[in-house]
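Read the numbers this way: they start at 1 and go in the same order the structure lists the ligands and their atoms. Start at 1 with the first residue, then count along the sequence. On a predicted model such as this, the values are computed, not experimentally measured, just so you know.
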Amino acid sequence: MAKILVNSADSHVLERLDLWEQALPSRLAQRAPRVERKDGKETVYVDGQVLRRDPIAFQEAMRPPGAENVQIRLQDLDDQGIQSEAVFPSRGLWIAHMHDQELAAASAAAYNDWCASEINAVSPRLIGSAVLSVVDTDDAVRELHRAMGMGFRAIFMPCEPPKGRPYNSEVWEPLWSAMSEAGAVPCFHIGTGGELILARGPGGAVINYVETAFPGQRVVAHLVASGVLDRHPSLKIAIAEGGVAWVPALGDRMDEAYRQHGMFVRPTLSALPSEIIYRQVYTSFQHDRSALPTVTALGYDKVMWGSDYPHLEGTFPNTQKVLHELFDNADPVVTERVTIGAFNELFGLGA
Ligand code: MN
């Protein structure tokens with residue numbers, strides 16, 4: 001069977017364990033992201049707190065050699081039929097959980113230096129994303145400019161911002177302005193910035209997996225309703241790994257509030273919430289059977305496929321099987337849009 005060649009809007013690199021301990025000054029290094037392995041468990045410490053504790057076997061299942069070795073990653077991309085991919089952090093995701101301003105800014109900068117030289121510089125096929133402090137907006141804007149100067153375009157953002165700094169707050173406005181002016185693409189990856197285990201007991205694994213997607217939907221509600229995307233019409237955002245079919249339903253829900261509760265609505269927008277969403281919000285999925293019908297039946301076309309390499313919820317090493325199931329009977333125009341076109345449009349690539 002012919003290989004289906006695609007771009008992937010979602011993948012992760014596994015950073016060196018000692019990246020921060022090596023890069024940060026000693027007064028910060030002891031609170032840098034750190035991993036300890038004992039009694040079959042892998043414990044993650046960040047900024048003095050235990051962030052998570054997983055069975056080592058679970059973590060190892062998500063670490064094929066290409067997760068850490070970029071040359072093997074490129075071979076995996078060839079093998080799986082992936083031309084270009086957006087690359088998000090793994091351990092760098094923990095920076096969103098830091099409280100200390102200096103530690104957060106220094107950790108983000110160390111990640112970006114590493115990602116620029118070890119990922120982005122290795123191949124133009126790899127679209128590594130920069131990380132910013134979410135503790136302080138001035139620090140974030142400074143690092144954004146530095147990262148854009150280093151050639152970054154994608155910016156990783158957590159779906160759950162720190163307490164007291166919701167995304168509809170004006171504390172973020174200087175960052176949205178700077179991103180819009182610089183042509184940066186904020187990519188909100190689901191399952192980041194907040195609690196990962198909300199339910200225990202029967203069904204917990206599936207319930208918690210579902211829960212990871214909701215904060216991504218909240219990001220869209222906040223950035224659209226508060227007028228951020230309306231004020232910055234050239235700002236495109238991505239919600240990575242959170243699926244697709246919820247987008248039109250969220251747009252309907254927001255339009256209903258905007259229209260029927262109009263007397264309470266602040267600020268007034270220049271277009272309906274759904275129109276702003278359809279114009280500026282991109283999403284990615286791995287397996288969803290509901291993704292292509294969302295494009296064809298509802299006309300929402302900011303839809304990107306993503307492998308989520310190398311995670312368990314992704315498609316590696318069976319990417320071609322998944323792609324054939326998704327696209328063999330699809331309209332070629334829709335297939336091109338979802339596998340190539342929307343990705344190139346978002347990241348300013350291609351013709
Ligand atoms: Mn992912």
inquiry  = For a quick check under 3.5 Å, do Ser123 and Arg73 share a side-chain donor-acceptor pair by atom type?
reply    = no

inquiry  = Tell me which N, O or S atom from Glu241 is the closest to the Mn ion (ligand 1).
reply    = OE1

task = Indicate, with yes or no, if the rings of Tyr167 and Phe188 have centres closer together than 6.0 Å.
result = yes

inquiry  = To the nearest 0.5 Å, what is the distance between CD on Glu170 and CH2 on Trp176?
reply    = 13.5 Å

ask   = Are Met254 and Tyr278 connected in a single hydrophobic cluster, I mean Ile/Leu/Val/Met/Phe/Trp/Tyr linked by side-chain heavy atoms less than 4.5 Å apart?
value = yes

ask   = Do you know which of Glu42, Glu68, Glu15 makes salt bridge (charged side-chain N to carboxylate O under 4.0 Å, His left out) with Arg63?
value = Glu42

inquiry  = If I take every N, O or S atom of His311, is at least one of them less than 2.8 Å from the Mn ion (ligand 1)?
reply    = no

request  = Give the name of the N/O/S atom in Asp308 that lies closest to the Mn ion (ligand 1).
outcome  = OD1

ask   = Rounded to 10°, how big is the angle at the Mn ion (ligand 1) from Asp10 OD1 to His12 NE2?
value = 100°

inquiry  = With a cut-off of 2.8 Å, does Glu313 put an N/O/S atom close enough to the Mn ion (ligand 1)?
reply    = no

